[in-house]
Amino acid sequence: MKQILILNGPNLNLLGVREQGIYGNQSFESYFQELKSRYDSLDLTYFQSNSEGQIIDKIHEVGFSYDGIILNAGAYTHTSIAIADAIAGINTAVIEVHISNVHNRESFRQHSYLSKNCKGIIVGFGLDGYRLAIESFLK
Ligand code: DQA
């Protein structure tokens with residue numbers, strides 16, 4: 001059974017409540033249940049943290065055994081050399097996901113420290129981006 005982790009960073013615990021015009025009105029917990037039933041042949045797990053260190057610890061924890069990590073690091077995408085280094089240091093492939101089209105927003109969202117170390121990037125497809133990332137790991 002393939003092991004895939006969805007790892008969400010800061011403020012993504014507020015999905016469904018936060019800036020609904022940008023991020024939609026569904027909570028991630030409810031979306032994750034949909035993913036779990038759709039992909040019941042996968043070992044799909046979910047972790048969210050608002051702390052950079054906890055995100056790095058999780059990447060280290062699964063990054064030598066899991067088949068894939070789907071990472072939305074939220075605003076740390078645009079600031080964190082430490083998360084970029086964590087991705088570079090593991091064996092598991094990481095796909096970077098953003099719910100919104102970050103290239104259509106403020107200029108500070110248009111640079112990612114993480115992309116260079118990721119297998120691919122999915123941006124601007126709403127929550128469906130996580131499903132697209134799963135599909136890419138099934139290939
Ligand atoms: C985000 C985009 C980031 O710029 C922002 O800080 C987020 C969410 C997205 O999924 O669109 O928190 O990663």
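The residues of the chain are indexed from 1 along the displayed sequence. Read the numbers this way: they start at 1 and go in the same order the structure lists the ligands and their atoms.
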Protein heavy atom at shortest distance from atom 8 (C) of ligand 1: Tyr23 OH, 3.4 Å
Protein residue, atom and distance nearest to atom 2 (C) of ligand 1, heavy-atom basis: Val102 CG1, 3.7 Å
Check: Glu96/Thr77 side-chain N/O donor and acceptor closer than 3.5 Å: no
Atom 11 (O) of ligand 1: nearest protein contact (heavy atom, Å): Ser100 OG, 2.6 Å
Would you be so kind as to tabulate the donor-acceptor pairs closer than 3.5 Å made by side chains of residues 13-22, with sequence neighbours excluded?
{"from": "Asn13", "atom 1": "OD1", "to": "Gln48", "atom 2": "NE2", "distance (Å)": "3.4"}
{"from": "Gln20", "atom 1": "NE2", "to": "Gly16", "atom 2": "O", "distance (Å)": "2.8"}

Within-cut-off N or O pair, His78 and ligand 1, under 3.5 Å: yes
Protein residue, atom and distance nearest to atom 5 (C) of ligand 1, heavy-atom basis: Arg109 NH1, 3.3 Å
Test of proximity, Ala75 against ligand 1: N or O pairs below 3.5 Å: yes
N or O contact, Ile99 vs ligand 1, cut-off under 3.5 Å: yes
Residue, atom name and distance, where the atom is the protein heavy atom closest to atom 12 (O) of ligand 1: Arg18 NH2, 3.1 Å
Exercise: do Asp43 and Tyr66 side chains pair donor with acceptor under 3.5 Å: no
Connected via hydrophobic side-chain network under 4.5 Å: Leu44 and Ile95: yes
Close side-chain approach of Ile87 and Ile69, heavy atoms under 4.5 Å: no
Residue, atom name and distance, where the atom is the protein heavy atom closest to atom 1 (C) of ligand 1: His98 ND1, 3.7 Å
Centroid-centroid distance, Tyr76 to Tyr113, less than 6.0 Å: no
Flag for Tyr130-Glu135: side-chain donor and acceptor within less than 3.5 Å: no
Close N or O approach (Asn72, ligand 1; < 3.5 Å): yes
